[in-house]
There are 2 protein chains.
Amino acid sequence: MDADSSSLKTVNGNEARTEIVRAAAEVFMEFGFAATSIDAVAERLGATKGRIYHYYDSKAELYFDVQIAAMERLIREIEPLARGGGNAAERLEAMALRHATILMEDLPMQKVAVRGLERELLGAVAARHAKTLRSIIRLRDDYEQIFAEVIDTGIRDGLFVDLPPRLTTKPFFGALNWLTVWYVPRRLQKPEDIAEIARTLTGFAMRGILKGA
Amino acid sequence: MDADSSSLKTVNGNEARTEIVRAAAEVFMEFGFAATSIDAVAERLGATKGRIYHYYDSKAELYFDVQIAAMERLIREIEPLARGGGNAAERLEAMALRHATILMEDLPMQKVAVRGLERELLGAVAARHAKTLRSIIRLRDDYEQIFAEVIDTGIRDGLFVDLPPRLTTKPFFGALNWLTVWYVPRRLQKPEDIAEIARTLTGFAMRGILKGA
DNA sequence: ACGGGAGCATACTCATCAGTATCGTGGCTC
DNA sequence: GAGCCACGATACTGATGAGTATGCTCCCGT
């Protein structure tokens, strides 16, 4: 149906774009949007600007694509869990565990996404990319909504502490997302370690929200 | 050459510097380090570059000063609470409550500090400011240490969950610090609202760390 | 076996800042 | 009441980096 709904410049550039997005995520993660030069991304790719501008019209568009990719993976993996079996507490726990794991597995992309639409952008580029911007905010809201609904259910079922859901969701995400600030992937020792961190964080977050017995 | 330890250029510029730091914090909060121009800070001051470069040698130095001011306030206010009365749980709760409150009261500075030494800096400016950089990292570590010790005590006393302290501190801070990501000061309604938010977050964090009855 | 275009590289342009150099001006001391 | 200096404004310089213009080279279909 779409001749060209995203601003795809060439017909078959999807895997080329993916490769660019991956490299961009790494550099954006390291330096942030403003301090990242397209040349630096190109260098990480072992290429030059030309390659990137062939697929993307601007740095902002590339940055947006990183965020979109990150959010889409989260939504794709977490939504089924929200619909899965078990009561609200069990489902929320599964979601949190998966969420934390994905953050670590996909650190570059996810870190960029978590940092979010740093203000630096909104002011500078808002006008030109208003539509894309809105769609990303939409994605983020949708994602939070998935959690919010499960939490809502849990509160109504008397499983969770009886507080404003919005205000409960925040520290819940905080406990998990904060890992993008401190987590540094170690060479070696990765496979089972990620799981342990994810479990610890999830445990903390769940205790925070569960109504005391 | 020059004997003065901080790079204070003029003799009595302390209040002038304070005013500059305050303005800088607002702009840095809004746009981040890289995307903030000194001219923008000057404009917020209702002045020009000249004023700023009269007191600061570089943008980095100014940025550092914001971080230092933020960390110093935290340490100054929280440390007494760590030494105060009560068991580890009571002290930790008081600390968390105060911490969250300060974040909201001093949002610009604290947000900049929480975002931390964004990587964008480390690469770019590390060499020249290695000493300052180290002292800021030191401040941050000291601050975390204040919490870590109380948490340690609580674990030994059997009050807190029995997990690696380092891994418990992280989500604890996460639940609190995350508010710098979502909290937007509302005009009106501020005085008691801040207190409620702080209490909710603190409650969450404490439940996360307390050993279930 | 030859156009033509997708997929890049190279080589520009032009704007934005960080930092500097220089110059006014008011207040202070003697 | 003259000189001095803290303070700050104005007017430069130089580097960096986003985006563009253009050229090269395969690969593809015909």
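Lettering of chains follows the sequences in order, A, B, ..., and the numbering in each one begins at 1.
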>> Side chain of B:Asp39, heavy atoms from C-beta onward: which of D:dG19, C:dA18, D:dG17 has the nearest atom to it?
In response: C:dA18
> Looking at the side chain of B:Arg51, which of D:dG8, C:dA18, C:dC8 is the nearest nucleotide?
Replying inline: D:dG8
>> Is it the case that atom CD in B:Glu43 sees more than 12 heavy atoms from other parts of the structure closer than 6.0 Å?
In response: no
> Separation of B:Tyr55 atom OH from C:dT20 atom C1', in whole Å?
Replying inline: 18 Å
> For A:Lys59 and D:dG19, what is the distance between atoms NZ and P respectively, to the nearest whole Å?
Replying inline: 8 Å
> Are side-chain heavy atoms of B:Phe173 and A:Val181 found at a separation under 4.5 Å?
Replying inline: no
> Taking atom P of D:dT16 as reference, at what distance in whole Å does atom CZ of A:Phe31 sit?
Replying inline: 15 Å
>> So for atom CZ, which belongs to A:Arg22, do other residues, nucleotides or ligands contribute more than 12 heavy atoms lying within a distance under 6.0 Å?
In response: no
> Between A:Leu62 (CG) and D:dG19 (C1'), how many Å, whole number?
Replying inline: 14 Å
> Between atom NE2 in A:His54 and atom P in C:dG5, what is the gap in whole Å?
Replying inline: 13 Å
> Between atom CD1 in B:Ile20 and atom P in D:dA6, what is the gap in whole Å?
Replying inline: 16 Å
>> Expressed as a whole number of angstroms, how long is the span from A:Ile52:CD1 to D:dT20:C1'?
In response: 15 Å
>> Does C:dC17 have its OP1 or OP2 closer than 4.0 Å to a side-chain nitrogen or oxygen of B:Ser37?
In response: no
> Under 3.5 Å, is there an N or O donor on one side and an acceptor on the other linking the side chain of A:Lys49 and the base of C:dA9?
Replying inline: no
>> Any heavy-atom pair between the side chains of B:Lys170 and B:Glu144 that's under 4.5 Å?
In response: yes
> A:Tyr53 OH to D:dG17 P: how many Å, rounded?
Replying inline: 12 Å
